[in-house]
Amino acid sequence: MDETHNKSGEALPHNISLQRDEQGWFEAEGDKLAYQGNPYYLNLALQHDGIRRQLIPTKQEMMFLDTESSDPLSEGIHSPVPRMIHRYGNRVAVLVTDRCSIHCRHCFRRSFTGKGHADLSQSECDSIIGYIENHKEIQEVLLTGGDPLTLGDSSLLEILKRFRTVRDDLIIRLATRIPAVYPRRINPDLLREIGRLSPLWMVIQFNHPEELTPESRRALRIIREAGIPMVNQTVLLKAVNDDSDILARLFQGLLREGVKPYYLFQGDLARGTSHFRVPLERGWQIMDELRVKISGLAMPSYAVDLPGGGGKIPLNRSLLLRTTKTAYVFKNTEVDGREYEYPRETE
Ligand SMILES: *Cc1c(COP(=O)(O)O)cnc(C)c1O
């Protein structure tokens, strides 16, 4: 069998010369998130190492730590209806599809992504909508996955319109990495239709300033001209963007395109992602440096999804209760007010 091929993803072309750690992944056996790329992002990856690391797997992914988990956010325990996660009172997340245009090597939902699950069915969608109708406290629905924009135009619009009819004031959040990784997918006709479904926000993910290409900036312009507000979530990734100059360029560049930097995420404890995680102390240092390089408007909030279902918290030093030899202890105010630990890892 062709070693660089896999069932679900697009094979890596033969003419790519792999580095040793990359070759090691393709040769290794075991529990893997399949390689998946596309020509646009692969071309970028071959020009910039910080992008290559997000696309081409390395054998470090085969290393699993005891602190890591296949369900790092304990989404399973907050799923009252299949394909829906209700962890915060006023908002729910819906897993529309398990497909993505590329498989990001840092994916935290890697035990779901690209595993051959069917797309959200009519009846699953009915159950979720029934749940939202019965829970008036829900004000926002996040459509995520996988990447909802991998659906065809008509399927995507059908799902969006169904959620739109639940309540006029229900805010729809569409989470997608497509503008960064496959910008050609963003076409004016589709976006004009999506733009009619307000209140609707798009939450995008750019992790590196070199992802802001003429093509991706054109995609952002199409979204903006459709009247859709956008925020960006960046994942803090070692040897990709763990540098305040790189992040300053990214956040300033996004602001220029009309995108508000929303979160800078500390890495989740997903299995096989330790080589991407940046120690918290370093993250705090980067945030301090950023604040004097860019405006307040360009600053995201540094946050983490606490392992064990603690939910997202802003990583303000004020929420840090104490530091032990092995962990940082935080108090989560929004989910349950309990204490949650995030491990202390070193470089
Ligand atoms: C991240 C997330 C949200 C949204 O959280 P915000 O802090 O409002 O962006 C909602 N539900 C789930 C399950 C999430 O993981």
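The basis for the numbers below is simple: all heavy atoms, side chains too, and nothing from hydrogens, waters or symmetry mates. Whatever order the structure lists ligands and atoms in, that order sets their numbers, starting from 1.
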Practice task
Work out whether the distance between some heavy atom of Arg173 and some atom of ligand 1 is less than 4.0 Å.
Solution key: yes
Exercise for the section: Using a 4.5 Å cut-off on heavy atoms from C-beta on, say whether the side chain of Val235 contacts that of Gln205. Expected result: yes
Completion exercise
Note: ligand 1 atoms sitting under 4.0 Å from heavy atoms of Lys312 are 1 (C), 2 (C), 3 (C), 4 (C), 5 (O), 7 (O), 14 (C), 15 (O)
Problem - Distance filter under 4.0 Å to Tyr262 heavy atoms, resulting ligand 1 atoms - result: 6 (P), 7 (O), 8 (O), 9 (O)
Fill in the blank from the handout: The closest protein heavy-atom partner of atom 12 (C) of ligand 1 is Tyr88 CE1, 3.7 Å
Problem - Contact list for residues 240-274, test ring-ring contact (aromatic ring centres under 6.0 Å, His included), sequence neighbours left out - result: Tyr263-Phe265
Practice task
Can you sort out which atoms of ligand 1 are near Leu142, meaning under 4.0 Å from one of its heavy atoms?
Solution key: 3 (C), 4 (C), 10 (C)
Exercise for the section: For atom 7 (O) of ligand 1, find the nearest protein heavy atom and state the residue, atom name and distance (0.1 Å precision). Expected result: Tyr263 OH, 2.6 Å
Practice task
Determine, considering heavy atoms only, which of Glu75, His78, Arg91, Gln233 sits nearest to atom 4 (C) of ligand 1.
Solution key: Arg91
Practice task
Please check if any side-chain donor atom of Arg282 sits under 3.5 Å from a side-chain acceptor atom of Gln285, or the reverse.
Solution key: yes
Practice task
Show the numbers, then the answer: is there a side chain to side chain contact (heavy atoms under 4.5 Å, CB included) between Arg105 and Glu61?
Solution key: CA-CA 8 Å; Arg105 302 324 304 179; Glu61 281 184 41; 2.9 Å; yes
Handout entry: For Pro229, side chain to side chain contact (heavy atoms under 4.5 Å, CB included) partners two or more places apart
Key = Trp201
Problem - Heavy-atom nearest neighbour in the protein, as seen from atom 13 (C) of ligand 1, with distance rounded to 0.1 Å - result: Ile85 CG2, 3.5 Å
Practice task
Could you list the atoms of ligand 1 found under 4.0 angstrom from a heavy atom of Arg87?
Solution key: 13 (C), 14 (C), 15 (O)
Practice task
Group every Ile, Leu, Val, Met, Phe, Trp and Tyr by side-chain heavy-atom contacts under 4.5 Å, then state whether Ile246 and Ile51 land in the same group.
Solution key: no
Exercise for the section: Find out whether the Lys NZ or Arg CZ of Arg109 is both under 6.0 angstrom from the six-membered ring centre of Phe112 and within 45° of the ring's axis. Expected result: no
